[in-house]
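Below: the structure, in structure tokens.
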Amino acid sequence: MTHTLPAATGFLAAVHQDGSQVPRPVFATLGALADAREEHGGHTLHTSLLHSGAPDGARARAGGVAVVLAGELYNRAELWSLLPPGTEPAGDAELVLALFDRYDLHAFRLLNGRFAALVHTGGRVLLATDHAGSVPLYASAAPGRVLAATEAKALRTAPAGRPLPAARPVRRLPGVHQVPAGTVLDLALGSGTGTAHRTWAPVLSRRILPESEAVETVRRSLEHAIRVRLGAQAPLVVLSGGIDSSSVAALADRLTSGRVDTVSMGTDEADEFPQARIVAEHLGTAHREITVPTAELLRRLPHAVWAAESLDPDIIEYLLPLTALYLRLDGPGRRILTGYGADIPLGGMHREDRLPALDTALAHDMETFDGLNEMSPVLSGVAGHWSTHPYWDRDVLDVLVCLEAGLKRRYGQDKWVLRAAMGDLLPAQTVIRPKLGVHEGSGTTSSFSRLLAAAGVSEGRVHQAKRLVVQELFDLVVAAGRHPDDVDTERTVHQVVDRLERTAQPA
């Protein structure tokens, strides 16, 4: 790639027949905006692209078909091999356009990437997400009009739309729905109705492999996923010192000619700096440690909700330290690699020796990840960066998920197959280090709980209070359009606590 960031990191697009007003583009993601208006066959396509300096690479049109793409593809070489000799798409949007000409909507079953896309052809509008829905896509559709955006807040003022097939309604935004992961919605512009087509689903079968073959397969797939995510400049790896992030840092270092940058985040309550420092010194990375005071971390709760647009308090808690870290990174936009997400396909958060229970938990987690937005690029986009997660590469997921549970929990170790695959590149103490969640390592869980306890929430109602706080923040920064800098977290907490107390009082 010649650019550090994708051509576009987000978009607001509208296809309509009647010259309707298009909502003003409002995003949490930082970036330059490029607007375009095209007329074709009695329809108008409006686009507002969040771009990194080359917006034309995110748009393509030929033969009555237009493509708008936010994000990037990771299997370009394989996709190019499907096109006629001499066909040389200038960017990912042109590549999708060429594939759509041959395969129609089935083209999206071929893509391994981190993207959201809109295709307009004749009276059809297709809205597509990548296999993991890792770039969230929201839509509002009515007869003669389809609007789509990579952030729900961009559709806050859109006219109410009708229900969309298989899509989830967004809280407090009438007619706005989130497109499911690994799905193409094929909508008829005239009626606003359509059909949902799945393009990817987590594998349910399990493969039985010899240890050596499983280890080699995991190493090879992860190495490839990291290679295709490296940009023209030195990548930045978020490093906790655990096996997940350390593996990404080690392979990035192995595949990069120059020095890799790494960064670790902690608070005044807890950090994993010593563990991360062991890895950074072992690899010789340019390492940085950032301490975010707990008070500042909690002030970032509105920003985490604003970026993730998630209502799940556990997810917001996981994402809060990452959001705080990204907002502390100065300088121009960086390409950031993380170890985030490895726990889901490898069952890392389940300290479970019983293999049936471990595999049941893994299958449940893979079935229910969609819509949580825990890998949204907006989390880093609020500071102008682009993050990507090699463990959720489509091909890596297909490898990790299908391995039988005994390769994931083996010899008393969680994520054994990954630890064995990386044993030659990392210090021994890193390879055997027990799992610790990023929110645990930074003290996020305890600080959020103490904030609620200080406001008078009893221990038994802390999780309920967290859910209500996140819900209230969502209503403020997504549905009502407030900027998170203008939201007082402590005041919001006290308002929620007051409501809880009123509902707890007998009538």
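Count residues from 1 along the sequence. Everything quoted here is computed from the prediction, not taken from an experiment.
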Handout entry: From CD (Glu151) to CG (Leu50), nearest 0.5 Å
Key = 7.0 Å

Problem - Euclidean distance, Leu236 CG relative to Leu329 CG, rounded to 0.5 Å - result: 6.0 Å

Handout entry: Min side-chain heavy-atom separation Leu126-Leu185 under 4.5 Å
Key = no

Handout entry: Heavy-atom side-chain contact between Tyr138 and His177 under 4.5 Å
Key = no

State whether a side-chain donor-acceptor pair under 3.5 Å links [X] with [Y].
{"X": "His287", "Y": "Asp261", "answer": "no"}
{"X": "Thr388", "Y": "Tyr74", "answer": "yes"}
{"X": "Arg114", "Y": "Ser134", "answer": "yes"}
{"X": "Thr489", "Y": "Arg299", "answer": "no"}
{"X": "Asp35", "Y": "Ser48", "answer": "yes"}
{"X": "Ser264", "Y": "Glu289", "answer": "no"}
{"X": "Thr430", "Y": "Ser246", "answer": "no"}
{"X": "Asn373", "Y": "Gln178", "answer": "yes"}

Handout entry: Ring centre gap for His43 and His16 strictly below 6.0 Å
Key = no

Exercise for the section: Compute the centroid of each ring, for Trp306 and then for Phe27, and state whether the two points are separated by less than 6.0 Å. Expected result: no

Exercise for the section: Can you spot which of Thr9, Thr29, Ile336, Thr4 makes a side-chain contact (heavy atoms from CB on, under 4.5 Å) with Trp386? Expected result: Thr9

Exercise for the section: Check step by step if salt bridge (Lys or Arg N to Asp or Glu O under 4.0 Å) holds for Glu472 and Arg467. Expected result: CA-CA 9 Å; Glu472 181 68 19; Arg467 179 176 58 81; over 6 Å; no

